[in-house]
2 protein chains.
Amino acid sequence: MSILFSRQCEYALQAVLYLALKPQNEMTSIRELTKRIDIPYHFVAKILQDLTRKGFLVSHKGPAGGFGLAVPAKDITILQIVEAIDGLSLINSCVLGFPNCTHDDHCAVHDQWEIIRERIHHMLASKNILEMADDNKKPQYSLTI
Amino acid sequence: MSILFSRQCEYALQAVLYLALKPQNEMTSIRELTKRIDIPYHFVAKILQDLTRKGFLVSHKGPAGGFGLAVPAKDITILQIVEAIDGLSLINSCVLGFPNCTHDDHCAVHDQWEIIRERIHHMLASKNILEMADDNKKPQYSLTI
DNA sequence: ATATATTCAGAGTATTTAGTCTGATTATTA
DNA sequence: TAATAATCAGACTAAATACTCTGAATATAT
């Protein structure tokens with residue numbers, strides 16, 4: 001599991017990244033997804049349903065149905081997915097978990113974390129899913145077997 | 001909860017930080033700790049026992065007993081505590097959670113995360129517990145009521 | 001129309017993490 | 001030596017997260 005996100009969020013990212021490699025109008029079945037990426041079938045199904053409700057994906061039932069991106073891959077960032085699944089409150093709260101760590105009266109690594117937090121934010125927001133998919137040279141995401 | 005650590009680890013940090021403000025030979029009871037810091041009694045007891053076994057603390061039973069630092073506060077870093085409780089594997093693995101993210105064949109934010117990882121490591125390793133305790137001006141850690 | 005391949009929905013189970021309870025042990029003090 | 005104040009240990013419960021199952025709904029192709 002990742003240190004920053006829940007497993008659900010990871011799976012969401014991996015799935016969306018996979019979909020980004022396909023023509024936007026083409027539907028991808030859960031079955032195909034789970035063959036390429038190692039995610040439990042029914043679990044990813046629920047996650048994709050969720051992403052569909054939240055407007056990132058579209059779904060079609062029936063044969064040749066499946067899921068696809070609702071908007072072009074270049075218009076989606078990792079940050080948006082993370083925000084939709086996990087929320088951002090954890091990233092924005094005290095890194096040591098101190099309850100009353102505020103701007104005025106803060107923990108010992110507050111300033112250092114502020115900088116790191118900014119970088120993390122930038123890392124998640126700077127690249128869109130399309131650029132990311134292009135960066136992923138890994139076989140598991142390539143469309144040809 | 002913190003984004004980087006488990007709750008156990010947080011509590012460990014808070015407790016150790018509190019102990020660092022006391023003379024090293026003075027024992028602090030769990031009761032006192034839980035009065036100053038909002039941590040469940042029996043839970044923190046287990047954590048302190050664990051830290052004792054791992055050599056960070058000493059404990060004494062009986063009246064006027066309790067826990068204290070086994071080594072001077074200036075010789076303990078946050079990183080050491082984190083390593084002892086949570087381990088460092090999460091920090092060192094792929095931030096997007098991709099299973100086969102390696103040096104050669106990596107995820108889209110690998111390089112960016114490398115830099116952030118370094119900063120996090122530095123943040124946790126650069127200050128010892130004594131400096132940290134001094135930085136904490138928060139009333140909850142002060143010794144006077 | 002019927003068979004089929006898919007999503008949809010919600011309840012159910014499993015695992016991990018967090019937190020609690022109780023009784024024993026130990027050391028101090030009076 | 002007896003009362004007391006503390007840790008120690010381990011079993012227990014609760015909550016959150018991860019994951020599974022089943023049956024329905026729906027759309028397509030033949």
Side-chain angles (χ1 to χ4, degrees), chain A residues 1-15 19 22 25-35 37-70 82 85-87 89-90 97 99, chain B residues 1-15 19 22 25-35 37-70 82 85-87 89-90 97 99:
Chain A
M1 190 168 99
S2 159
I3 194 164
L4 296 183
F5 320 125
S6 70
R7 198 161 279 176
Q8 243 191 64
C9 190
E10 270 176 44
Y11 290 166
L13 288 172
Q14 297 186 23
L19 296 182
K22 292 226 169 170
N25 55 351
E26 192 173 316
M27 292 289 112
T28 305
S29 71
I30 299 174
R31 177 182 301 271
E32 178 186 337
L33 256 177
T34 55
K35 264 184 193 152
I37 313 180
D38 190 30
I39 309 184
Y41 186 95
H42 292 285
F43 196 33
V44 79
K46 306 203 77 165
I47 296 169
L48 295 189
Q49 282 160 29
D50 192 29
L51 287 175
T52 304
R53 266 181 245 111
K54 285 170 177 161
F56 292 101
L57 305 180
V58 290
S59 71
H60 288 303
K61 289 183 178 182
F67 295 86
L69 296 184
V82 172
I85 303 287
D86 281 349
S89 64
L90 268 189
Chain B
M1 190 168 102
S2 159
I3 193 163
L4 296 183
F5 321 123
S6 69
R7 198 161 280 178
Q8 243 191 65
C9 190
E10 271 176 44
Y11 290 166
L13 287 172
Q14 296 187 24
L19 296 181
K22 293 228 171 169
N25 54 351
E26 192 173 316
M27 292 288 114
T28 303
S29 71
I30 299 174
R31 177 183 302 269
E32 178 186 336
L33 256 176
T34 56
K35 266 186 194 155
I37 313 181
D38 191 29
I39 309 183
Y41 186 95
H42 292 285
F43 196 32
V44 79
K46 302 199 80 162
I47 296 169
L48 295 190
Q49 280 161 28
D50 192 27
L51 287 175
T52 304
R53 264 180 247 114
K54 285 169 178 160
F56 292 100
L57 305 181
V58 291
S59 70
H60 287 302
K61 290 184 179 180
F67 294 88
L69 296 182
V82 172
I85 303 286
D86 281 349
S89 63
L90 268 189

Of the candidate nucleotides C/dT6, C/dT25, C/dG10, which contains the atom at the shortest distance from the side chain of A/Lys46?
C/dG10
Neighbour count >12 (heavy atoms, 6.0 Å) for atom NZ, A/Lys54:
yes
From CE of B/Met1 over to P of D/dA15, roughly how many Å is that when rounded to an integer?
17 Å
Both A/Ala45 and A/Pro63 contact DNA chain C. Which one's nearest nucleotide lies toward the 5' end?
A/Pro63
Return the value, rounded to whole Å, for the distance between atom NE2 of B/His42 and atom P of C/dA18.
18 Å
B/Leu51 versus B/Ile85: any side-chain heavy-atom pair under 4.5 Å?
yes
Does a nitrogen or oxygen in the side chain of B/Tyr41 sit under 4.0 Å from OP1 or OP2 of D/dA6?
no
So, is A/Ser59 near the phosphate of C/dC8, with a side-chain N or O under 4.0 Å from OP1 or OP2?
yes
B/Phe43 CZ to C/dT17 P, straight-line distance once rounded to whole Å:
11 Å
Find which nucleotide of DNA chain D each of A/Phe5 and A/His60 is nearest to by heavy atoms, and output the residue with the more 5' nucleotide.
A/Phe5
Minimum heavy-atom distance A/Thr34-A/Ile39, with the two atoms named
CG2-O, 3.3 Å
OP1 or OP2 of C/dT17 versus the side-chain N and O atoms of B/Arg7: is any pair under 4.0 Å?
no
A/Ser6 has a side chain; which of D/dT20, D/dT7, D/dA18 sits nearest to it?
D/dA18
Is it the case that the side chain of A/Asp86 and the backbone of A/Ser6 share a donor-acceptor pair, with hydrogens and angles ignored and the cut-off at 3.5 Å?
yes
Check whether any side-chain nitrogen or oxygen of A/Tyr11 sits under 4.0 Å from OP1 or OP2 of D/dA18, and answer yes or no.
no
